[in-house]
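Below: the structure, in structure tokens.
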Amino acid sequence: MDTSVSRRAVLGRAAAIPVAGAALWALSACDDTPKVEACAGPNNLTVSENTLRKASNYVEQAADPAKNCLGCGFFTPGEGGARCGKCEIFLGPVNAQGHCDSWAARQA
Ligand code: SF4
């Protein structure tokens with residue numbers, strides 16, 4: 001059995017790598033999933049705050065809009081209807097449209 005690889009085959013495969021990379025890039029550019037801008041990126045929070053948010057399953061966009069931070073008793077809206085506000089449980093800003101496992105309905 002001949003296990004040698006021809007120079008032409010190696011060059012052909014090497015040329016295919018950039019083509020595959022370009023195809024993957026083009027596919028990623030087609031992602032039209034709406035992006036939610038984070039009120040506080042992980043790099044702006046302490047390790048413990050990131051851990052707490054992760055443990056509480058905090059997300060910037062609630063799956064159920066009826067149970068977002070804006071409707072939570074722990075949330076204080078930002079001034080002027082800002083997208084980000086404060087949470088009594090987390091340090092740093094949270095998204096008015098966000099959610100975590102500690103959600104509790106705001107009392108009227
Ligand atoms: S406790 Fe959770 S749901 Fe309530 S305001 Fe804070 S992050 Fe939002």
Side-chain angles (χ1 to χ4, degrees):
M1 180 169 143
D2 184 14
T3 58
S4 65
V5 179
S6 73
R7 181 177 172 190
R8 179 173 290 182
V10 170
L11 291 175
R13 288 182 185 151
I17 292 171
V19 172
L24 286 173
W25 177 82
L27 282 173
S28 69
C30 293
D31 180 12
D32 59 356
T33 305
K35 302 285 187 279
V36 178
E37 192 175 334
C39 286
N43 294 335
N44 300 329
L45 299 170
T46 64
V47 171
S48 62
E49 181 62 18
N50 278 318
T51 302
L52 178 59
R53 287 179 183 229
K54 198 171 214 171
S56 302
N57 294 312
Y58 172 76
V59 291
E60 293 279 335
Q61 182 77 55
D64 180 355
K67 292 185 176 179
N68 61 20
C69 293
L70 194 58
C72 177
F74 296 114
F75 184 73
T76 303
E79 291 184 21
R83 183 176 55 82
C84 303
K86 291 181 182 174
C87 170
E88 292 178 27
I89 293 176
F90 298 152
L91 299 173
V94 295
N95 197 314
Q97 302 304 315
H99 176 84
C100 84
D101 292 345
S102 297
W103 186 88
R106 177 183 297 274
Q107 301 301 311

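For ligands, and for the atoms within them, numbers begin at 1 and follow the listed sequence. Scope of the values below: all heavy atoms of this structure, side chains included, with no hydrogens, waters or symmetry mates.
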So, C69 with C87, SGs under 2.5 angstrom? no
List-wise, which protein N, O or S atoms are found short of 2.8 Å from atom 6 (Fe) of ligand 1? C87 SG
Applying the side chain to side chain contact (heavy atoms under 4.5 Å, CB included) criterion to Y58, which one of N50, L52, N95, I89 satisfies it? N95
Closest heavy-atom contact between R53 and L91? NH2-O, 2.8 Å
Candidate list V59, L70, N57, test side chain to side chain contact (heavy atoms under 4.5 Å, CB included), partner H99, passing option: V59
According to the ring pair (Phe, Tyr, Trp, His ring centres under 6.0 Å) rule, which pairs have a member within residues 36-56, sequence neighbours left out? none
Roughly how far, to the nearest 0.5 Å, is the NZ atom of K54 from the SG atom of C100? 15.5 Å
